[in-house]
Amino acid sequence: MIKLEKVSKIYKSGEVETTALKEVDLLIKEGEIVVLLGPSGSGKSTMLNVCSGLDNPTSGKITIDEEVISSMNGKQLTKFRRNNLGFIFQQYNLLQTLSVRENVEVGREVSLDPFTVEEIIEQVGLTPNIDKYPYQLSGGEQQRVSIARAVVKKPKIMFCDEPTGALDEENAKEILSVIQKLNETFQTTVVLIT
Ligand code: ADP
Ligand code: MG
């Protein structure tokens, strides 16, 4: 469960103040898929970043499964993210010198109770490509590797910021259905910007 209570985020740069979030209340239940929609600049990424502890809110309270992440320090937050959260971004951020299998291994290393690498690669439909390198894969396939890397550690929540932003329509649909399937199979809560 993710709970936001009167969460605000104000960016200050010099004299300029930008209110990106203003007293947002939100409740996301376990196992849900929540999609954030809105025009560019409306505060979607800010919302995702403060929900997931990548950034601090200016005020307000954020609770994830009884833990008040808005009052954690940097070290506590890093540990909390590592153990509980998975991230997928528009850029795939794969390590180019590692194979598909090895890239997914990287996500598994930081976890207490991970899935097996083979199981997750199967789930995202990349078994035939397991020994290929990122440059040998299409954009959609590379994004599926980054999804596998995020999911292999069995996160409670997956945060996805425009995961289909760099893909054509066909591949975008495919990625969204992979994310939906993971939600159904593992009851992973998903917060998705698209
Ligand atoms: P979205 O993801 O919906 O496009 P963002 O959350 O990235 O929107 O941005 C919301 C608003 O906050 C925008 O007006 C943006 O210019 C501003 N903003 C985002 N990040 C920063 C930052 N680091 N410093 C100052 N302003 C920012
Ligand atoms: Mg954004």
Side-chain angles (χ1 to χ4, degrees), residues 1-29 32-64 67-78 80-82 84-94 107 124 134 138-151 155-180 182-183 188-194:
M1 186 207 64
I2 308 170
K3 191 174 181 186
L4 273 66
E5 294 166 85
K6 287 199 183 311
V7 170
S8 296
K9 178 71 181 181
I10 301 163
Y11 293 107
K12 292 193 181 77
S13 42
E15 299 283 279
V16 186
E17 285 196 359
T18 307
T19 304
L21 300 174
K22 193 173 172 188
E23 305 204 336
V24 177
D25 290 313
L26 177 72
L27 187 65
I28 299 175
K29 291 187 219 130
E32 267 189 323
I33 293 195
V34 173
V35 178
L36 301 176
L37 294 172
S40 174
S42 61
K44 303 182 298 296
S45 293
T46 303
M47 175 90 161
L48 193 127
N49 292 345
V50 301
C51 276
S52 60
L54 286 176
D55 201 357
N56 296 314
T58 307
S59 61
K61 185 177 175 186
I62 300 161
T63 316
I64 299 183
E67 304 223 47
V68 182
I69 67 158
S70 49
S71 49
M72 287 182 183
N73 64 32
K75 207 172 166 186
Q76 292 169 315
L77 265 178
T78 303
F80 181 82
R81 281 198 308 266
R82 192 175 60 213
N84 299 287
L85 311 182
F87 292 90
I88 303 164
F89 298 101
Q90 183 172 330
Q91 330 78 276
Y92 321 124
N93 298 319
L94 300 177
V124 300
S138 71
E141 288 167 341
Q142 290 186 57
Q143 187 59 301
R144 282 189 270 151
V145 179
S146 90
I147 293 173
R149 182 186 52 191
V151 171
K156 283 191 198 142
I157 309 167
M158 291 244 291
F159 290 97
C160 318
D161 193 345
E162 304 199 33
T164 62
L167 300 172
D168 59 41
E169 201 182 327
E170 192 77 359
N171 276 300
K173 275 189 192 158
E174 169 113 30
I175 289 302
L176 293 178
S177 74
V178 167
I179 292 171
Q180 195 175 2
L182 293 169
N183 163 265
T188 313
T189 308
V190 175
V191 184
L192 176 83
I193 298 174
T194 190

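As the structure lists them, so they are numbered: ligands from 1, and atoms in each ligand from 1. Values in this document were obtained by computation on a predicted structure and should not be read as measured data.
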Exercise for review: With heavy atoms under 4.0 Å as the rule, classify the contact between Thr46 and ligand 1 as side chain, backbone, both or neither.
Suggested key: both
Check your understanding: What do you reckon, does Ser13 have a nitrogen or oxygen under 3.5 Å from a nitrogen or oxygen of ligand 1?
Key -> no
Check your understanding: Judged by atom type as modelled, is there a donor-acceptor pair below 3.5 Å linking the side chain of Arg144 to the main-chain atoms of Val124?
Key -> yes
Review point. In terms of atom number and element, which parts of ligand 1 are under 4.0 angstrom from non-hydrogen atoms of Ser45?
Key: 1 (P), 2 (O), 6 (O), 7 (O)
**Study point:** Side chain proximity check, Leu27 to Ile2, heavy atoms < 4.5 angstrom
**Key:** no
Check your understanding: What is the distance from atom OG of Ser71 to atom CD1 of Ile62, rounded to the nearest 0.5 Å?
Key -> 10.0 Å
**Study point:** Under 3.5 Å side-chain donor-acceptor pair for Gln143 and Ser146
**Key:** yes
Revision key, fill the gap. In this structure, OG of Ser45 is separated from CD1 of Ile193 (nearest 0.5 Å) by 4.5 Å
Check your understanding: So what's near the Mg ion (ligand 2), protein N, O or S atoms under 2.8 Å?
Key -> Ser45 OG
Study note, to complete from the structure: Nearest non-hydrogen protein atom to atom 13 (C) of ligand 1, with distance, is Gly41 O, 3.7 Å
Review point. Can you tell me how far CD1 of Ile64 sits from CG of Leu85, rounded to the nearest 0.5 angstrom?
Key: 5.5 Å
Review point. Atoms of ligand 1 less than 4.0 Å from Thr18 heavy atoms?
Key: 12 (O), 14 (O), 17 (C)
Point to revise | Check: Thr189 side chain, Ile157 main-chain N or O, donor-acceptor pair, under 3.5 Å | key: no
Review point. Can you find a protein heavy atom closer to atom 10 (C) of ligand 1 than 4.0 Å?
Key: yes
Study note, to complete from the structure: Taking only non-hydrogen atoms of Ser40 and a 4.0 Å limit, the atoms of ligand 1 in range are 4 (O)
**Study point:** Top protein contact for atom 8 (O) of ligand 1, by heavy-atom distance
**Key:** Gly43 N, 3.2 Å
Review point. Looking at atom 16 (O) of ligand 1, would you say a protein heavy atom lies below 4.0 Å from it?
Key: no
Review point. Strictly by modelled atom types, are Tyr11 and Thr19 linked by a side-chain donor-acceptor pair under 3.5 Å?
Key: no
**Study point:** Flag, side chain of Asn183 to backbone of Thr188, donor-acceptor distance under 3.5 Å
**Key:** yes
Check your understanding: Can you check whether Ala20 has an N/O within less than 3.5 Å of an N/O in ligand 1?
Key -> no
Check your understanding: If you count the atoms of ligand 1 from 1 in the order shown, which ones are under 4.0 Å from a heavy atom of Pro39?
Key -> 3 (O)
Review point. Tell me, which protein residue and heavy-atom name are nearest atom 20 (N) of ligand 1, and how many Å apart are they?
Key: Tyr11 CZ, 3.3 Å
Review point. Between CG of Asp168 and CD of Glu174, what distance do you get to the nearest 0.5 Å?
Key: 10.5 Å
Point to revise | Atom NZ of Lys3: over 12 foreign heavy atoms under 6.0 Å | key: no
Point to revise | Any donor-acceptor pair under 3.5 Å from Lys61 side chain to Val7 backbone | key: no
